[in-house]
Amino acid sequence: MEPQPTAALETVFRLESPRVIAGVARLVRDVGIAEELTQDALVAALEQWPRDGVPDNPGAWLMATARRRAVDLIRRRETYARKLAEIGRDLPAAAPPPEEPADPEDIDDDLLRLVFTACHPVLSAEARIALTLRLLGGLTTPEIARACLVPEPTVAQRIVRAKRTLARKNIDFEVPYGPDRAARLGSVLEVIYLIFNEGYAATAGDDWLRPALCEDALRLARVLSALMPKEPEVHGLTALLEFQASRTAARTGPDGEPVLLEDQNRHRWNRLLIARGITALDHAHATTGSGAPGPYVLQAAIAACHATAHTYQETDWPRIATLYGLLAARTPSPVVELNRAVAVSMAEGPAPALALVDALAAEPALRDYHLLPSVRGDLLARLGRTAEARAEFERAASLTRNARERALLLDRAREATG
């Protein structure tokens, strides 16, 4: 058996499974069953692709196979007779689902429907995040655990229970309207943000970036901005992702190795995305009015400081430190405090920043968070405490699951005593 079809399948399934799950869920109205049918399509591909070769459009092949199985399931269940009548008894394998009644607020986007369904208020906030990262982001349980800073068994239980709850409550696969939509918005934004972050700096694997996740998250944020033009946090998140995505081309070297912010070639930053980010941030400020800016608007303002600086040295670090202070007051978090410490180190020097970092050492959420020793190592190196810096970089390397990031941290450990 040639390894190429299997390797191609792994790549395609990682990228396409969210779309397949979303498309099938629109037929069967059950995200748990949709995920199972998508897995069935994967098994079929494992059986056929090595024998017959990779199809010209592998994503469409997976979608058609999963939909065929969904239609077969519906036909086998008498209780689905009404749905069967809607989709037709002679539905071709790759035919689209039936059109739904037109609505001025309707969004023809199954992925967005999947996000709002997974963020239903019958689920806990933690379960909403875990389930949507699994279904929409295509993340594994260990990756979700890493992103959420919780143990893997906890994440696995959340996902299983969430799917059971949605099925038991017979939750509609839909984008809600009115007050229901506003109530679920916070969870939706958080999920989109986490999906983007996983694509922007992958928690595990051989690749530093997973651009498809970034693209999906950014697309969903833009759709939300058009849908909810008066929500400042929606515009704030969109602006943040536009700014972050603008750096993608400069964040890796020729061999895929990470390039730190201070070493990036800013001529490779995407000026169109930066301009879009500025526009979205302006919309966020305009809709905020005299109220206090929300966390995504504050983060977007921080990202704008980086995006508009022509060089690393010209970055307005005092303003960034101030914005992180506001963010910490609005949404207290050890990760926000760690980021504030980095900004303080650039604005005031490494010594006061090290005191802030050391105060976070006992935080349970940061116990296995590799960026804590990474930041501490950088501060120690700048203070000339090279032996301690090396130990911190080596500890950070032992904690990360991303091969590219581990190599970078080990290089920094060698440089610290070089």
J.: In sequence, state the C-alpha distance, the side-chain angles, and the governing distance for Arg51 and Glu47, and then conclude on salt bridge (Lys or Arg N to Asp or Glu O under 4.0 Å).
T.: CA-CA 7 Å; Arg51 181 186 68 234; Glu47 294 173 349; over 6 Å; no

J.: Of the non-hydrogen atoms in Phe173 and Asp110, which two are nearest, and what is the gap between them?
T.: CZ-O, 3.6 Å

J.: How many angstroms lie between CG in Leu372 and CD in Glu363, if you round to the nearest 0.5 Å?
T.: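 Result: 9.5 Å between the selected atoms.
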
J.: Please report the interatomic distance CZ(Arg276) to CD(Glu242), rounded to the nearest 0.5 Å.
T.: 5.0 Å

J.: Distance check, rounded to the nearest 0.5 Å: Leu166 atom CG versus Leu131 atom CG?
T.: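 It comes to 6.0 Å.
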
J.: Are the side chain of Asp172 and the backbone of Glu174 linked by a donor-acceptor contact shorter than 3.5 Å?
T.: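 The answer is no, because no donor-acceptor pair under 3.5 Å joins these two groups.
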
J.: Whether the side chain of Arg266 engages the backbone of Ala309 through a donor-acceptor N/O pair (distance < 3.5 Å, no angle test) should be reported.
T.: yes

J.: Testing the basics here: between Leu408 and Pro258, what is the closest heavy-atom pair and its distance to 0.1 Å?
T.: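 Looks like CD2-CB, 4.0 Å.
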
J.: For Arg219, is there an ion pair with Glu215 - N to carboxylate O distance below 4.0 angstrom?
T.: no

J.: Would you say Asp411 and Phe393 make side-chain contact, with heavy atoms under 4.5 Å?
T.: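 With C-beta onward as the side chain, the pair stays apart.
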
J.: Within the 4.5 Å heavy-atom criterion, are Leu410 and Arg414 side-chain neighbours or not?
T.: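 Contact flag for Leu410/Arg414 side chains = yes.
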
J.: Please work out whether the ring planes of His283 and His235 are parallel, tilted or perpendicular, with thresholds of 30° and 60°.
T.: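 Ring orientation of His283 relative to His235: tilted.
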
J.: Can you check whether Leu123's main-chain N or O pairs, donor with acceptor, with Arg128's side chain at less than 3.5 Å?
T.: yes

J.: Decide yes or no for Thr165 and Arg168: does some side-chain heavy atom of the first lie under 4.5 Å from some side-chain heavy atom of the second?
T.: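 Yes; the side chains approach each other to less than 4.5 Å.
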
J.: Nearest 0.5 Å please: distance from the OG1 atom of Thr154 over to the CD atom of Glu126.
T.: 10.5 Å

J.: Nearest heavy-atom pair of Leu114 and Pro18: which atoms, and what distance?
T.: CD2-O, 4.1 Å

J.: Over all heavy atoms of both residues, which pair between Ala365 and Pro334 is shortest? Give the atoms and the distance, please.
T.: CB-CG, 4.3 Å

J.: May I ask you to test the Thr65-Arg68 pair for a side-chain heavy-atom distance under 4.5 Å?
T.: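 Yes, their side chains come closer than 4.5 Å.
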
J.: Is there a donor-acceptor contact under 3.5 Å from the side chain of Ser345 to the main chain of Val342?
T.: yes

J.: Ignoring hydrogens, what is the shortest heavy-atom contact between Ala328 and Glu337? Give both atom names and the distance.
T.: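 Minimum heavy-atom separation between Ala328 and Glu337: CB-OE2, 3.3 Å.
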
J.: Any side-chain to backbone donor/acceptor pair from Asp30 onto Gly32? Under 3.5 Å, distance only.
T.: yes

J.: With no hydrogens and no angle check, is any side-chain donor or acceptor of Thr288 less than 3.5 Å from a backbone partner on Gly291?
T.: no

J.: Kindly give the heavy-atom pair with the smallest separation between Leu383 and Pro350, and that separation in Å.
T.: CD2-CG, 3.6 Å

J.: Measuring only between side-chain heavy atoms, which start at C-beta, is Pro232 closer than 4.5 Å to Tyr296?
T.: no

J.: Are more than 12 heavy atoms from other residues, nucleotides or ligands located less than 6.0 Å from atom CG of Asp56?
T.: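 Open.
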
J.: Is the shortest heavy-atom distance from the side chain of Arg251 to the side chain of Tyr200 under 4.5 Å?
T.: yes

J.: Would Arg401 and Glu152 count as a salt bridge (Lys or Arg N to Asp or Glu O under 4.0 Å) if you check the C-alpha gap in whole Å, the side-chain angles of each, and the deciding distance to 0.1 Å?
T.: CA-CA 14 Å; Arg401 296 185 184 182; Glu152 293 178 21; 3.1 Å; yes

J.: Answer yes or no: is there a donor N or O on one side and an acceptor on the other, between the side chain of Thr38 and the main chain of Ala34, under 3.5 Å?
T.: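 Checked: pair present.
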
J.: Assess whether ring-ring contact (aromatic ring centres under 6.0 Å, His included) is satisfied between Trp317 and His306, documenting all intermediate values.
T.: CA-CA 9 Å; Trp317 290 108; His306 292 295; 5.3 Å; yes

J.: Out of curiosity, Ser374 OG to Asp378 CG, how far, rounded to the nearest 0.5 Å?
T.: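 The distance works out to 7.0 Å.
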
J.: Taking atom types as modelled, is there a side-chain donor on Thr400 or Glu405 under 3.5 Å from an acceptor on the other?
T.: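 Short answer, yes.
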
J.: Going by distance alone, is a donor N or O of one side chain under 3.5 Å from an acceptor N or O of the other, for Arg271 and Ser246?
T.: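 No donor-acceptor contact under 3.5 Å links the two side chains.
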
J.: Given 3.5 Å as the limit, does a donor-acceptor pair link the side chain of Ser187 with the main chain of Arg184, or not?
T.: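 No, because the side chain of Ser187 does not come within donor-acceptor range (under 3.5 Å) of the backbone of Arg184.
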
J.: Backbone N or O of Ala284 within a donor-acceptor pair of the Thr287 side chain at under 3.5 Å?
T.: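 Between the backbone of Ala284 and the side chain of Thr287 there is a qualifying donor-acceptor contact (under 3.5 Å).
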
J.: For the residue pair Val357 and Leu379, establish whether any side-chain heavy-atom pair is separated by less than 4.5 Å.
T.: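 Touching, per the 4.5 Å side-chain cut-off.
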
J.: Considering only heavy atoms from C-beta outward, does the side chain of Trp49 approach that of Trp61 to under 4.5 Å?
T.: yes

J.: Indicate yes or no: does Glu35 engage Arg134 in a salt bridge with an N to O separation below 4.0 Å.
T.: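 Judged by the 4.0 Å cut-off on N to carboxylate O distance, Glu35 and Arg134 do form a salt bridge.
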
J.: Quick one: pull up OG1 in Thr322 and CG in Leu298 and give me the separation to the nearest 0.5 Å.
T.: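 Rounded to the nearest 0.5 Å, the OG1-CG separation comes to 11.5 Å.
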
J.: I'd like to know if the side chain of Arg158 reaches the main chain of Ala130, judged simply by a donor and an acceptor atom lying under 3.5 Å from each other, with no hydrogens or angles considered.
T.: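 Absent.
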
